[in-house]
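The structure displayed is predicted, hence computed values, not measured ones.
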Amino acid sequence: MSSENILDDEDTFKILISTDIHLGYLEKDAIRGNDSYNTLNEILECAKKNQVDFILLGGDLFHENKPSRRCLHSCITMLRKYCMGDSPVTFNIISDQTVNFNTTQFPWVNYQDENLNISIPVFSIHGNHDDPTGAEGLCALDLLSASGLVNHFGHSHSVERIEISPILLQKGSTKLALYGLGSIPDERLYRMFVNNQVTMLRPKEDRDEWFNLFAIHQNRSKHGPTNYIPEQFLDDFIDLVVWGHEHECLIAPTRNEQQLFYVTQPGSSVATSLSPGEATKKHIGLLRVKGRKMNLQKIPLRTVRQFFIQDVVLADYEDLFTPDTPQVTKKVENLCYAKVSEMLEEAERGRLGCPLTPEKPLIRLRVDYTGGFETFNTSRFSQKFVDCVANPKDIIHFLRKREQKQDIKDEFNVDYGKLVKPTAVEGLRVEDLVKQYFEAAEQKVQLSLLTEQGMGKAIQEFVDKDEKDAIEELITYQLEKTQRHLQSRGVTTEQDIDAEIQRFRDSKKNTTEEENDIREAINRARAHRLERGDPDVSDEPADVTMDSDEGSVTLPAATRGRGRGGRARGGRGRGRGAAASEAKPAGRGRSQRSAPASQSRSILQAFQGPSQRSQIGGSTSFAADEVIIDDSDEDIPVMKATRPAPRPSSSSSSSSFTKHSSQSQSQGSRGVAFDDSDEEDNPFKGHSHRSRR
């Protein structure tokens with residue numbers, strides 16, 4: 001009997017895990033246009049080959065918020081080809097599905113629909129690229145959900161409080177609680193965590209017998225004081241976190257030493273930026289869960305285009321040339337030619353035996369010319385490799401080290417050249433520049449009516465989602481609201497009016513009221529667009545080569561990158577109500593929807609006002625668990641470690657939940673023990689049990 005057959009039995013969940021597929025990225029590019037489609041086809045084919053129970057997607061299935069017809073057609077075609085069929089689904093959902101799938105008029109899992117024949121269910125949260133927009137709060141995933149191809153979950157309608165109710169799955173004796181939270185602006189979610197406004201519900205009965213899996217799509221590395229989500233914010237009863245949005249593939253589970261859960265970061269399946277984080281080999285994960293034990297096998301993707309990146313610092317080649325050397329520019333160009341040729345040779349060797357790998361690789365050479373060197377003509381240089389690489393237009397990227405920022409004393413004569421000067425930091429966007437401007441400018445050139453966060457959100461809607469009226473409507477809305485406030489206060493003199501406007505503006509900064517005002521203004525802009533009859537879906541999205549999800553280089557606090565790579569951690573402690581809340585009775589009623597009909601306008605996207613958060617710390621304790629991590633690229637996993645054996649289950653399930661309080665944990669020692677034995681008869685064997693109260 002093969003090890004694969006030993007692993008797979010009637011009590012073992014097999015879950016294919018993938019995030020950030022970005023379907024439709026560069027679909028108009030003659031060379032790279034089919035990359036995202038080929039990789040999605042490989043992922044679904046892998047799921048069918050391994051006979052998984054379901055597929056879990058961690059957000060950003062689509063690259064564009066409004067996918068093209070070709071993109072939607074290709075996605076629907078592949079989902080129908082691989083996920084529909086006669087193979088039985090061998091697990092049951094025992095939670096209230098009207099709560100789990102509350103964004104559709106068909107609030108039940110697709111494989112239980114009598115009109116559909118689903119063999120592999122797909123569960124997905126939304127990301128920041130395909131997030132819900134418009135007065136109806138719909139996204140592209142809702143189209144797939146309404147057609148019965150994808151189960152969209154993890155959509156929170158409230159901006160004041162989030163309650164995450166799990167999808168409770170059971171296969172044999174194994175119980176799996178699947179939590180999901182779709183993409184939310186990081187600053188807002190950070191503040192909600194700090195204010196104890198995020199609650200994760202747990203089953204009232206047999207809570208220690210559930211394996212808790214959480215899918216999230218947020219910044220993991222620190223890009224600013226609150227522009228990320230520290231792992232310590234997440235509840236400590238979680239067993240495994242599937243972290244989307246980060247493009248660097250760090251799929252091997254890593255343990256959080258404070259919360260003692262594991263985090264896997266599958267990364268993207270297509271390179272959307274030429275940054276170091278995208279150069280790591282792309283994988284998807286095959287997760288097996290049996291009782292309270294898990295094994296994660298990483299599977300390399302073979303249709304992903306190769307990507308090689310190198311850094312060259314010209315000052316390090318003093319033995320070859322200096323800025324004063326005759327014809328130094330020609331010698332620098334020859335050096336770059338040699339480096340690019342080396343990467344092409346490495347790519348050719350890597351393609352041996354891999355016929356599915358695209359022929360032309362992505363090549364990026366970052367040249368630091370600090371120290372007086374001059375740049376050469378990159379277009380002429382790229383012509384030498386036009387038939388060899390997939391990105392001939394941007395092979396070379398010149399950069400210089402950031403110069404020391406000088407104090408700006410003249411509040412009216414700001415040197416914009418210094419603020420906007422190109423630096424080594426990639427992915428700097430227009431909203432970051434505007435935010436830097438207000439941080440550097442003096443008091444007399446600051447906003448007096450609008451907040452930085454409101455202006456930044458309006459600009460984001462204009463740039464990312466083509467809401468042309470957002471800024472105008474935001475100004476109009478805030479002006480009307482401020483006028484009503486002044487009238488109610490009875491302010492008449494010019495000096496008092498200025499002071500009252502300042503107090504009124506400052507009182508709303510970084511509050512729920514500010515977010516509600518922004519949302520109302522944007523909804524008005526959308527309503528105006530619909531009244532004019534402007535189309536809500538763009539059939540032909542612009543061919544943009546760069547993605548906002550940047551690489552592993554951590555940006556300064558003023559920039560809002562979405563980089564890949566290691567993440568900064570933050571301490572926290574929070575209390576959540578322990579009061580039990582009864583779940584709603586199961587049924588197939590229509591789900592509740594939030595569809596405020598309002599008006600809308602928009603323009604640019606820029607900055608978020610720097611918000612000060614209270615520093616939080618705390619400690620938690622845990623019970624022991626075991627995890628198996630397979631670091632090999634083999635298709636058949638080798639089980640080397642185990643997790644604790646589950647307690648005998650008393651009852652199969654309960655639709656009742658309790659609100660989890662992270663401050664009222666049991667005083668056990670929750671850790672992970674690794675077993676190096678090679679026993680094949682029981683690969684999930686564990687030595688310790690987790691005890692939680």
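At least one side-chain heavy atom of His157 sits under 4.5 Å from a side-chain heavy atom of Thr103. Looking only at side-chain heavy atoms (C-beta outward), Thr264 and Leu296 come within less than 4.5 Å of each other. Contact annotation: the side chain of Arg288 approaches that of Gln297 to within less than 4.5 Å [non-hydrogen atoms, C-beta and beyond]. At a threshold of 4.5 Å between non-hydrogen side-chain atoms, the residues Pro266 and His283 do not count as touching. Taking 4.5 Å as the limit, every side-chain heavy atom of Asn41 sits out of range of all side-chain heavy atoms of Thr303. By the 4.5 Å heavy-atom criterion applied to side chains, Asn128 and His245 are counted as neighbours. Contact check for Leu240 versus Val289: no side-chain heavy atoms found under the 4.5 Å cut-off. Residues Phe214 and Leu234 have side chains in contact (heavy-atom distance under 4.5 Å, counting atoms from C-beta outward).
Phe193 contributes atom CZ, which lies 7.5 Å from atom CG of Asp235 (distance to the nearest 0.5 angstrom). To the nearest 0.5 Å, atom CG of residue Leu176 and atom CZ of residue Phe211 are 7.0 Å apart. Taken to the nearest 0.5 Å, the CG atom of Leu40 stands 12.5 Å off from the CG atom of Asp35. With rounding to the nearest 0.5 angstrom, the CD atom of Gln265 is 9.0 Å from the CG atom of Asp20. The distance from atom OG of Ser156 to atom CZ of Arg161, rounded to the nearest 0.5 Å, is 11.0 Å. Distance check, rounded to the nearest 0.5 Å: OH of Tyr37 to SG of Cys71 gives 4.0 Å.
Residues Gln170 and Asn92 bring no donor and acceptor atom of their side chains to less than 3.5 Å of each other. No donor-acceptor contact under 3.5 angstrom links the side chains of Ser145 and Asp142, judged on distance only. Between His155 and His126, the side chains place no donor N or O within less than 3.5 Å of an acceptor N or O (distance only, hydrogens not considered).
For Phe106 and Phe101, the distance between ring centers is not under 6.0 angstrom. In summary, the aromatic rings of Phe91 and Phe54 are positioned with their centroids under 6.0 Å apart.
In terms of heavy atoms, Gly148 sits closest to Asn110 at O-ND2, 3.1 Å. Of all heavy-atom pairs between Ser268 and Glu278, the closest is OG-OE1, 3.1 Å. The heavy-atom pair separating Val159 from Arg188 by the smallest distance is CG1-NH1, 3.7 Å. Across all their heavy atoms, Gly180 and Ile125 have their closest contact at CA-CG2, 4.0 Å. When all heavy atoms of Cys75 and Leu61 are compared, the closest pair comes out as SG-CD2, 4.2 Å. Across all non-hydrogen atoms, the minimal contact from Ile55 to Cys83 is CD1-SG, 4.4 Å.
Side-chain N or O atoms of Arg220 include none that pairs as donor or acceptor with a backbone N or O of Ile229 at under 3.5 Å. One N or O on the side chain of Ser36 and one on the backbone of Gly24 form a donor-acceptor pair closer than 3.5 Å. With hydrogens and angles ignored, the 3.5 Å screen pairs a side-chain donor or acceptor of Asp60 with a backbone N or O of His129. With hydrogens and angles disregarded, a donor-acceptor distance shorter than 3.5 Å links the side chain of Asp239 to the backbone of Asn212. Side-chain atoms of Asp113 come within 3.5 Å of backbone N or O of Asn115 as a donor-acceptor pair. With Tyr25 contributing its side chain and Thr272 its backbone, the two residues share a donor-acceptor pair below 3.5 Å. A donor-acceptor contact shorter than 3.5 Å is absent between the side chain of Thr19 and the backbone of Leu57. Judged by distance alone, with hydrogens and angles left aside, the side-chain atoms of His217 form a donor-acceptor pair with the main-chain N or O of Gly58 at under 3.5 Å. Under a 3.5 Å cut-off, the side chain of Tyr179 and the backbone N or O of Leu201 do form a donor-acceptor pair. In this structure a side-chain-to-backbone donor-acceptor pair under 3.5 Å is missing from Trp243 to Ile216.
Applying the salt bridge (charged side-chain N to carboxylate O under 4.0 Å, His left out) rule to Asp130 yields no partners; only residues at least two apart in sequence or on another chain are considered. In terms of the salt bridge (charged side-chain N to carboxylate O under 4.0 Å, His left out) criterion, residue partners of Lys171 (sequence neighbours excluded) are, by chain and number, Asp53.
Arg202 forms a cation-pi arrangement with Phe237, by the criterion of a distance under 6.0 Å to the ring centre and an angle within 45° of the ring axis.
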Exercise for the section: Report the C-alpha separation of Gln97 and Val109 in whole Å, then their side-chain angles, then the decisive distance to 0.1 Å, and conclude whether the side chain to side chain contact (heavy atoms under 4.5 Å, CB included) test is met. Expected result: CA-CA 7 Å; Gln97 297 186 45; Val109 70; 3.6 Å; yes
Practice task
Take Val241 and Phe261 through the test side chain to side chain contact (heavy atoms under 4.5 Å, CB included) and record every step on the way to the result.
Solution key: CA-CA 8 Å; Val241 179; Phe261 51 60; 4.1 Å; yes
Exercise for the section: For Gln259 and Glu231, run side chain to side chain contact (heavy atoms under 4.5 Å, CB included): C-alpha distance rounded to whole Å, both residues' side-chain angles, the deciding distance at 0.1 Å, then the answer. Expected result: CA-CA 8 Å; Gln259 302 293 74; Glu231 292 179 7; 5.9 Å; no
Exercise for the section: Apply side chain to side chain contact (heavy atoms under 4.5 Å, CB included) to Val52 and Ile120, showing your working. Expected result: CA-CA 7 Å; Val52 300; Ile120 303 178; 3.9 Å; yes
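Checked against Phe13 for a side-chain contact (heavy atoms from CB on, under 4.5 Å), the options Leu213, Leu287, Leu169, Leu178 give a single hit: Leu169.
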